[in-house]
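Notes follow once the structure below has been shown.
Numbers restart at 1 for each chain; the letters A, B, ... are given by sequence-line order, proteins then strands.
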Amino acid sequence: MSLNPRQIEAVRYLDGPLLVLAGAGSGKTRVITHKIAHLVGRGCAPKHVAAITFTNKAAREMQERIGAMAPGNRAVRELTISTFHALGVRILRGEAAALGLKPRFSILDADDAFAILAQLIGSVDKQTIRRAQWQISSWKNALLSPEEAEKQATDEQHATLARAYRQYDLTLRAYQAVDFDDLIGLPVQLFSEHADALGRWRDRLRYFLIDEYQDTNGAQYRLLRLLCGEAGRFTAVGDDDQAIYAWRGANVENLNTLQTDYPQLKVIKLEQNYRSTGRILQAANTLIANNPKLFEKRLWSELGAGEPVQVTAMKDEEHEAESVVMRIAAHRIQHRTAYADYAILYRGNHQARVFEQYLRNQRIPYRLSGGQSFFERAEIKDLTAYLRLVANVDDDPAFIRAVTTPRRGIGPQTLEALGAYAGERHMSMFAAVYELGLASRLKPQQLGPLRTFCDFINRIGHRAEQGEPARDVLDDLLSAIDYRSHLFDSLDTRDAETRWDNVQKFTAWLADKAEADEKTLLELTQTVALMNLLEGRNDESDAVSLSTIHAAKGLEFPYVFLVGVEEDILPHRESVEAGKIDEERRLMYVAVTRAQKQLFVSHCLKRRRGKEWQTCEPSRFIAELGEEAIRSGAKRDPDDRSDGIASLAALKAMLAKPGNATG
DNA sequence: AATTAATCTCTTTTT
DNA sequence: GAGATTAATT
């Protein structure tokens, strides 16, 4: 497919900073990939071009698309196509010394950070710790140091949190570890303080393309500004109407800031939509017109008017689920479509349950978005704890996890004594094990296993350093700790088997990756915390998608069922109370614009809340879709769930025919 | 009083 | 279906 004039303009414009306002489905990824090709074609070396995304998935997809554009071109590998965080890791790895960090620092995930804070605060109340964690993250996103946060504190509670922030950062530094926010914040700090480092990176990365620009937070924007320099060698692509991540620090204002900081900024709008039919876009436009606008934008399409948006009132959640599932089953047969052509979108994860139930009943295959990531599974975290420790023996959280899993006669008593000793001397637990003074605090039967363990880790580390193949080192590590037996001893057979399976998948993946990227195991360990293994999980199987609206951003489906569109859900009650209707409306907008051919909106009249039934109001957003684009099913008898099918009985009969509902 | 069983309530999520 | 809170049971 060729580019339209606006897209061509965006691709070719290189005279200065450029902001591309790319409406939903307007081909923004195409612009980015073509622009990369254009830059290289114009003589810019691939190693000087950087495309920045928010998720690994987006980075991978971009890589694939560029690879497809220039098959067999080795130079593609020299491009920097990575997430903000992965870029941060690369910068920090190279410049760690300037920040008093060793190059093999560890990256802590949210759980590690939570555990550290819990210990620091000494509280057991999860809510409190989560709030503290959230606050610290916001401070880091705003590039506020603990000292500055403490100075700005207006009340005692804030001051306490700021002190916790300081303690937390000190702890991280002691562990030679950073958290996710540091991956952005520390490079900013580095570049602000060390002009030479900044110069090196500016020389290295000379043009930036930023995807989903509306999702950047303060720190990310600062990092970009530093790297892009005064001249503004970048193309930022984004859509203010699709900003749905303010709650985790994203700042749509960054779109405005861009205009202030770069007065020479050129703005190009992409308004032709290649995804949806006219009525869907009309509904989306009408809806979003209710929001205050940063930039005026109106999507249009050449795909014809299409079917009206169908709005249906349902009796309750079960009816909604049954109706949606039935309609999908019937629609698929009538239109000879695939299950993968359908998506059910909802506001909150818990809403998926009823639909899962009915889909299973009907033996309809489905794919559930989200869920816990591969790396959050206990068995994977066990293994990465070992790897982290091997790469950085000062990583106390990794030490504690590894030394206690599998159990090897080292329990809380021993660890407490060890931790106290290490704390007094400002050293890591691992280092403390080899201190002579420790012997007086521990019994020989406590010290023995510790020494054995640390010797073991050192040996593995030595081998990994020598560049032994990752596969060999991993296999030996696993058999030495007898992890398989650990799983089978502590779990029932079925569970143990799947977990062992996961471990093997993980090691195989690591080994492959090490080989493909020509990296040692230790180098790989550096970035493992940022990756998710879903990379390889290109589910080819035909299945209905179940997804939160958030997780569906960037995706598209021929037929979309948007469910539970009620007040207190979408918009969510807490957002209404906080006066954050605009973001909820954008969320609705994102949901509507996922649909290519037809959109089905439904809301329940009643919902079970514990014992009693609660009546539900249809969402204000339904009315905001406008009259014209909608066909309402509300007039019908609410007991009739057939919705366009002659009767429920006929539908069931149709589905009962053999060979239709395959599982 | 402490432990277990029943009960209810769920923002959104990546790195 | 988890995780927290409350009721029930020992």
Side-chain angles (χ1 to χ4, degrees), chain A residues 52-60 82-90 92 106-114 124-128 130 133-134 137 140-141 178-187 211-212 215-217 219-220 223 242-250 317 345-357 360 368-376 526-535 547-554 564 566-578 580-581 583-588 590-591 607-614:
Chain A
I52 309 298
T53 66
F54 275 86
T55 64
N56 290 308
K57 193 169 152 233
R60 197 188 83 245
S82 82
T83 62
F84 270 101
H85 297 267
L87 177 65
V89 173
R90 246 179 81 192
L92 288 182
S106 299
I107 301 165
L108 300 184
D109 65 21
D111 286 344
D112 295 318
F114 184 93
V124 276
D125 178 23
K126 286 191 171 176
Q127 198 100 52
T128 313
R130 270 226 305 274
Q133 200 175 9
W134 183 85
S137 179
K140 287 192 175 188
N141 286 164
V178 302
D179 62 20
F180 285 134
D181 298 320
D182 289 335
L183 294 178
I184 313 297
L186 290 178
D211 192 21
E212 304 281 15
D215 288 339
T216 51
N217 65 35
Q220 286 159 341
L223 181 58
Q242 292 188 71
I244 55 174
Y245 284 110
W247 53 272
R248 70 175 198 216
E317 265 186 298
L345 304 182
Y346 37 81
R347 175 67 222 257
N349 270 315
H350 62 278
Q351 290 175 263
R353 292 209 47 207
V354 214
F355 292 94
E356 271 191 272
Q357 222 169 21
R360 259 205 293 265
L368 194 65
S369 84
Q372 92 275 48
S373 110
F374 195 79
F375 283 87
E376 277 158 22
Q526 282 287 307
T527 47
V528 137
L530 299 176
M531 302 191 270
N532 61 71
L533 199 59
L534 305 176
E535 277 186 32
S547 174
T548 61
I549 302 169
H550 283 93
K553 191 167 90 153
E566 293 141 47
E567 286 293 303
D568 291 359
I569 294 180
L570 179 65
H572 196 272
R573 188 165 44 84
E574 299 197 14
S575 295
V576 178
E577 280 163 8
K580 290 174 177 160
I581 294 290
E583 178 146 323
E584 296 289 301
R585 191 176 281 111
R586 291 194 290 267
L587 197 53
M588 176 82 176
V590 167
R607 216 167 255 278
R608 223 192 160 77
R609 263 195 50 162
K611 275 179 189 161
E612 67 248 45
W613 288 89
Q614 195 192 38

* Asked: So, is A:Asn56 close to the B:dT15 phosphate, meaning a side-chain N or O under 4.0 Å from OP1 or OP2?
  -> yes
* A:Gln133 side-chain N/O to A:Ala110 backbone N/O, donor-acceptor pair under 3.5 Å -> yes
* Please indicate yes or no: is the ring centre of A:His550 less than 5.5 Å from the centre of the six-membered base ring of B:dT12, with the two planes inclined by under 30 degrees? => no
* Asked: Tell me: CD of A:Gln614 to P of B:dC10, nearest whole Å?
  -> 10 Å
* Structure fact -> A:Arg607 meets the side-chain hydrogen bond (donor to acceptor under 3.5 Å, both in side chains) criterion, sequence neighbours left out, with A:Glu317, A:Glu566
* Under 3.5 Å: donor-acceptor pair, side chain of A:Glu584, backbone of A:His572 -> yes
* Asked: Can you check the A:Arg586 CZ to B:dT12 P distance for me, whole Å?
  -> 18 Å
* Structure fact -> Residue set satisfying salt bridge (charged side-chain N to carboxylate O under 4.0 Å, His left out) with A:Asp568, at least two apart, ordered chain then number -> none
* Can A:Trp247 be said to stack with the base of B:dT12, given centres closer than 5.5 angstrom and planes under 30 degrees apart? -> yes
* Asked: Which whole-number value in Å describes the distance from A:Glu212 CD to B:dT13 P?
  -> 15 Å
* Asked: Under 4.0 Å between a side-chain N/O of A:Asn349 and OP1 or OP2 of B:dT13, yes or no?
  -> yes
* Structure fact -> note: A:Ile581, atom CD1; B:dT11, atom P; distance rounded to Å ~ 17 Å
* To do: Classify the nucleic acid contact of A:Gln220 as base, sugar-phosphate or nothing, counting any heavy atom under 4.0 Å across all strands shown.
  => nothing
* **A:Ala551 side-chain proximity, nearest of B:dT13, B:dT15, B:dT11** => B:dT13
* Asked: Rounding to a whole Å, what distance do you find between A:Lys553:NZ and B:dT12:P?
  -> 17 Å
* Select one nucleotide: of B:dT13, B:dT15, B:dT11, the one nearest the side-chain heavy atoms of A:Glu584. => B:dT11
* Asked: Once you round it to whole Å, what is the distance between P of B:dT13 and CG of A:Asp179?
  -> 21 Å
* Asked: Looking only at side-chain N and O atoms, does A:Thr548 come under 4.0 Å of OP1 or OP2 in B:dT13?
  -> yes
* Asked: Within this structure, what is the CD1-to-P distance between A:Ile549 and B:dT11, rounded to whole angstrom?
  -> 15 Å
* To do: Before accepting this row, confirm whether a basic side-chain N of the pair A:Glu577/A:Arg573 lies closer than 4.0 Å to the acidic partner's carboxylate O.
  => yes
* To do: Please name all residues satisfying side-chain hydrogen bond (donor to acceptor under 3.5 Å, both in side chains) with A:Arg130, sequence neighbours left out, ordered by chain then number.
  => none
* B:dT15 pyrimidine/purine six-ring stacking with A:His85, under 5.5 Å and 30° -> no
* Asked: What pairs with A:Asp211 under salt bridge (charged side-chain N to carboxylate O under 4.0 Å, His left out), at least two apart in sequence or on another chain?
  -> A:Lys28
* Structure fact -> Those residues at least two apart in sequence (or on a different chain) that pass side-chain contact (heavy atoms from CB on, under 4.5 Å) with A:Arg248 are A:Tyr245
Protein-nucleotides 3-6 of chain C N/O pairs closer than 3.5 Å?
from, atom 1, to, atom 2, distance (Å)
C:dA4, OP1, A:Lys126, NZ, 3.4

* Asked: Which label fits B:dT11, syn or anti, where anti is any glycosidic angle not within 90° of 0?
  -> syn
* Nearest whole angstrom, please: distance from the P of B:dC10 to the CZ of A:Arg608. => 16 Å
